[in-house]
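Before any comments, here is the structure.
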Amino acid sequence: MIRFESVSVRYSEAPAPILKDVTFTVAEGELCLVVGQTGSGKTTLLRAINGLVPHFTGGTLSGRVLVDGRDTRTHRPRDLADVVGVVGQNPLANFVTDTVEDELAYGMESLGLPPDVMRTRVEETLDLLGLSDVRARPIASLSGGQQQRVAIGAVLTTHPRVLVLDEPTSALDPQAAEDVLAALQRLVHDLGVTVVLAEHRLERVVQYADQVVLVPGGGQALEVGDPAEILASSAVAPPVVELARLAGWHPPPLSVRDARRLAGPLRDRLAGLPSPEGPQDQVDTTSGLPRDRPAATTPIAAVRGLVVRYGGRRTAQPPALRDLDLEVAPGEVVALMGRNGAGKSSLLNALVGLVRPAAGGVRVGTVDPASAKPAAIARAAGLVPQEPGDLLYASSVGEECRQADRDFAAEPGRCARILARLAPGIPANRHPRDLSEGQRLCLALAVILTAQPPLLLLDEPTRGLDYGAKARLADIVRALANGDGASDGTQDARRDRGNGVSGGRHAVIFATHDVELVAEVATRVVVLADGDLVADGPVASVVGSSPTFAPQVAKILRPLPWLTVSQVAAALGSA
Amino acid sequence: MRAAHRPTLPRHLHPGAWWLWAVGLATAASRTTNPLLLLLVLAVAGYVVAARRTTAPWARSYAAFVKVGLAVILIRIVFQAIFGAAVTGRTVLFTVPEVPLPEWMQGIRIGGSVTAEALLAALYDGLRLAAVLGCVGAANALANPKRLLATMPGALYELGVAVVVAMTFAPQLVTDAARARAARRLRGQPDRGLRSVRATAVPVLEGALERSLALAAAMDSRGYGRVGTLPAATRFVTGALVLTGLLGICVGVYGLLDAGSPPVFGLPMLAAGSLLAGLGLVVGGRRTLRTKYRPDPWALPEWLVAVSGCAVAATYVWSAAQGVEGLTVPAMPLTMPDLPVVPALGTLVALLPAWLAPPPPRVGAGDSEAAPARVAAGSERDGTPAADVDRPREVSR
């Protein structure tokens, strides 16, 4: 169905080709998963399938790409629209119209299909993707999962034989991701659509893949083959595969179900060992608070009876948060979980004064974010927003750091020193937009940490991060909570620690859908639903028992309390 | 009788019909200065809006336009009081201290005595403008602007897409600006003032550029512009026809609205212009192979609504030609204006769409054009309130 014949792609300003001599085929009706680190050329590979590379992006493409027998050199993307459907990274940026039905019909209108065909196909697609309840709704009012399904539906109505998706689930909560993947699964199985998809969160998709294309980046040769074989030796691997490597299962299982069937002996071995090492063990399992916390320590952040609502006083909308109570002490790493729209971002925003509480109060240290000046708030609590790039507006990394020093009246060079510790080796003359997602997050984090806030807030930090960047983020968060992270070794930081004001330990609150990250770093999990706090406690008890929030290792080893591969490794190592 | 012809079956009326109705009403309003007739026009338009509007955000635009109209009246009166001028009259209400102006500015007077007649003339004049504005507001409230664009002929398709894209981009820009300002606060900087402009503008512009590129790529991969282009000669003919036609329409509309111009500039010019423009669009539209998904039907109710609007306009034009008393009310001497019977009855014809037009479908909880606007609060991109709409609790309402 899709043939790449010794394809090389080189962008005009780049020194080396991003893809070099790529040759592989995808057979009809296969689900092909493209994996690789950010910047390795995954998106370029996907966009070459429908000719967006090079027709739209520029650059030089040598070799040829054949899709259903059509050569992308002679066919522009629009001429391939009836064969290839492309769903981009951010669905909201790709919608042309504003209501669900119109969006589904748009592609067919462009192809000039007769009205009766359009009508039936729209109805079929609405049913296929479970969108009939929202058919007349404006797209902007839909949830993330629904939007992603509309984006898929919008290209499906032209009955393409190939569907190309770039990170379709990275912005979605686990349940919404399941819905989207189930829809894709149905397309592959029932309709024989060929699906090519790129995804960082392998744990979600790898079990459905028939073929994996590993893009190592830097122009190295691609590895193409059976998912289990490729992942057995790949640098990027989901937790289930890492557990398999640890336990010596070969070939590695790709789904929780397969792994459980192999995990009997491992469970027996672990059953006799003491409870897992990890962040939780510093925590009192009943209260969820750090054990070594001095009794008199005042919390860094205290939220009392917080109510947040949008749309003015007369709106009929339910409040985004209602009657929320929360206290966070130094050294705690709190994970905020819950559906899209559960109120996670609202809580973070209220903690830095971006949202004014309709009732109740927020106190961060000695500051009330609702009334304090931005400069005072920034010293008490720092928030890295969902889109870290929002914080950055200078034209180079070095300039950004100098600006941060000026913004927070820090001594020159503090931000640059923090950045060097978080992510060494970022050239100072690079434009922030040209950084990888992980580097950009580190830069935004460095900017925020320049103010040395004792409370650090992260809004969906792992969106778009590959496994490597995620592991580094986990290290950074752990180091901050333990008090040896962001301090740049200057007098200020040492004095803080000497005074024992905050013990040098930060408190970190992060909102996320990424259960694996939660299992890695969090000491406590707070689950929000519908603006209410529905669960608050240590990770093992909140996440371990939940069907949607449980990390893969927990699902495999249930009922044992291990959550991550590193915990299992530590337990086996010490035994 | 087919379902589309039945005025009782709920559906959205063709937006063009509402606009024709409103233009007819506006034409009538522009032909009179009688405050009673003008108020009647406003009341009729308001009643129809109240009876047939949806819950969509733009459905509130009638009230907004009326408010603008009130502002117009107020400004007109204030200016009249300060700059005195044309209307003199005898009933002096009060005197504003006069500003002495040099010799060479003789034509202008600032301050001086203010007469009731002068103010009344200003009021009538302002009211006429307010009534026209009210009619436009009514059309805005009743007709879905996006559906109106969707009815554009094929030749204007690209223009329609550009407008739609712009309309979806504008709210996005607002969201982006809010996010950028929030980010500015996160860096401990005040989010107001000149210095914050650069910090706000750079991310917003970059975001807009990136989004346009993404959108262009998406449209290209979905087959936008697949069809071939026309030969140069046809393009030239199309352009000439459309331009001449539009010029004709402009002159025609001006002639129709301005009672003082010779009658040949009115309807005949409008008709000729429309014909030329229509011809151009047909010639230009032949190239597009695009089809339309669920086009709005033009059935009996559309005809009735459009005709009712035109009937009002016709009554007023006829009355003006026949010299019916009371269509224009002199501000001098001060008298209570009479209500002329024929135009008043004519205006009431425009009330009929409140029953003749099919009622808009009552949107269920899930299906709503009025779904709450996305809240642009900081980085709240999950769209907290918006995502809440499909909860079971709301659906059962």
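What you see is a predicted model, and the numbers here were worked out from it, not measured in a lab. Letters A, B, ... are given to chains in the order of the sequence lines, protein chains preceding strands, and every chain is numbered from 1.
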Quiz item: Taking atom types as modelled and ignoring hydrogens, do the side chains of A:Ser346 and A:Tyr310 form a donor-acceptor contact shorter than 3.5 angstrom?
Solution: yes
Quiz item: In terms of side-chain heavy atoms, does B:Glu206 have a donor or acceptor partner in A:Tyr393 at a distance below 3.5 Å?
Solution: no
Quiz item: Side chain, backbone, both or neither: which part of A:Ala376 has a heavy atom under 4.5 Å from chain B?
Solution: neither
Exercise. Can you measure from CD (B:Glu302) to CH2 (B:Trp18) and round to the nearest 0.5 angstrom?
Key: 9.5 Å
Quiz item: Any idea which of A:Ala394, A:Gly382, A:Pro115, A:Ala154 has the most non-hydrogen atom pairs under 4.5 angstrom with chain B?
Solution: A:Ala154
Quiz item: Which answer fits A:Ala444, side chain, backbone, both or neither, if we ask what part of it has an atom under 4.5 Å from a heavy atom of chain B?
Solution: neither
Self-check item: Option that, when pairs with chain B are counted at under 4.5 Å, heavy atom only, ranks first among A:Val100, A:Leu104, A:Val122
Solution: A:Val122
Practice problem: For the residue pair A:Glu400 and A:Ser395, establish whether any side-chain heavy-atom pair is separated by less than 4.5 Å. | Solution: no
Quiz item: Using non-hydrogen atoms only, which part of A:Leu52 is less than 4.5 Å away from chain B: side chain, backbone, both, or neither?
Solution: side chain
Self-check item: Region of A:Asp173 that comes under 4.5 Å of a non-hydrogen atom in chain B
Solution: neither
Quiz item: Under a 4.5 Å heavy-atom cutoff, which of A:Ile377, A:Asp79, A:Thr57 has the most pairs with chain B?
Solution: A:Asp79
Exercise. Identify which of A:Gln403, A:Met118, A:Arg47, A:Arg76 forms the greatest number of heavy-atom pairs closer than 4.5 Å to chain B.
Key: A:Met118
Practice problem: Would you mind checking which part of A:Val96 comes under 4.5 Å of any heavy atom in chain B, side chain (CB onward), backbone (N, CA, C, O), both or neither? | Solution: both
Quiz item: What part of A:Val84 gets closer than 4.5 Å to chain B, counting heavy atoms only: side chain, backbone, both or neither?
Solution: backbone
Quiz item: Can a donor-acceptor pair be found between the side chains of A:Thr512 and A:Glu460 at a distance below 3.5 Å?
Solution: no
Quiz prompt | Per-residue contact mode, A:Arg433 against chain B (heavy atom under 4.5 angstrom) | solution = side chain
Self-check item: Toward chain B, the part of A:Asn50 with a non-hydrogen atom under 4.5 Å
Solution: side chain
Quiz item: Any side-chain donor paired with an acceptor under 3.5 Å for A:Gln146 and A:Ser143?
Solution: yes
Quiz item: Which one, B:Pro295, B:Ala218, B:Ser221, B:Ala214, leads in non-hydrogen pairs under 4.5 Å with chain A?
Solution: B:Ser221
Quiz prompt | Rounded distance [0.5 Å steps], CD in A:Glu109 versus OG1 in A:Thr157 | solution = 10.0 Å
Quiz item: How about A:Leu354 and B:Leu186: do any of their side-chain heavy atoms sit closer than 4.5 Å?
Solution: yes
Quiz item: Which value, rounded to the nearest 0.5 Å, describes the distance between A:Ser345 atom OG and A:Leu336 atom CG?
Solution: 9.0 Å
Quiz item: Do A:Thr43 and A:Asp166 have a side chain donor and acceptor closer than 3.5 Å?
Solution: yes
Exercise. Find the one option among A:Ala93, A:Gly51, A:Ala378, A:Gly389 whose heavy-atom pairs under 4.5 Å with chain B are most numerous.
Key: A:Ala93
Quiz item: Looking at B:Ala183, B:Ser212, B:Gly207, which makes the most heavy-atom pairs under 4.5 Å with chain A?
Solution: B:Ala183
Quiz item: Can you name the nearest heavy-atom pair linking A:Leu348 to A:Leu458, along with the distance?
Solution: CD1-O, 3.6 Å
Self-check item: Which portion of B:Arg294 sits near chain A, non-hydrogen atoms under 4.5 angstrom
Solution: side chain
Quiz prompt | Proximal component of B:Ala201, with respect to chain A [non-hydrogen, under 4.5 Å] | solution = neither
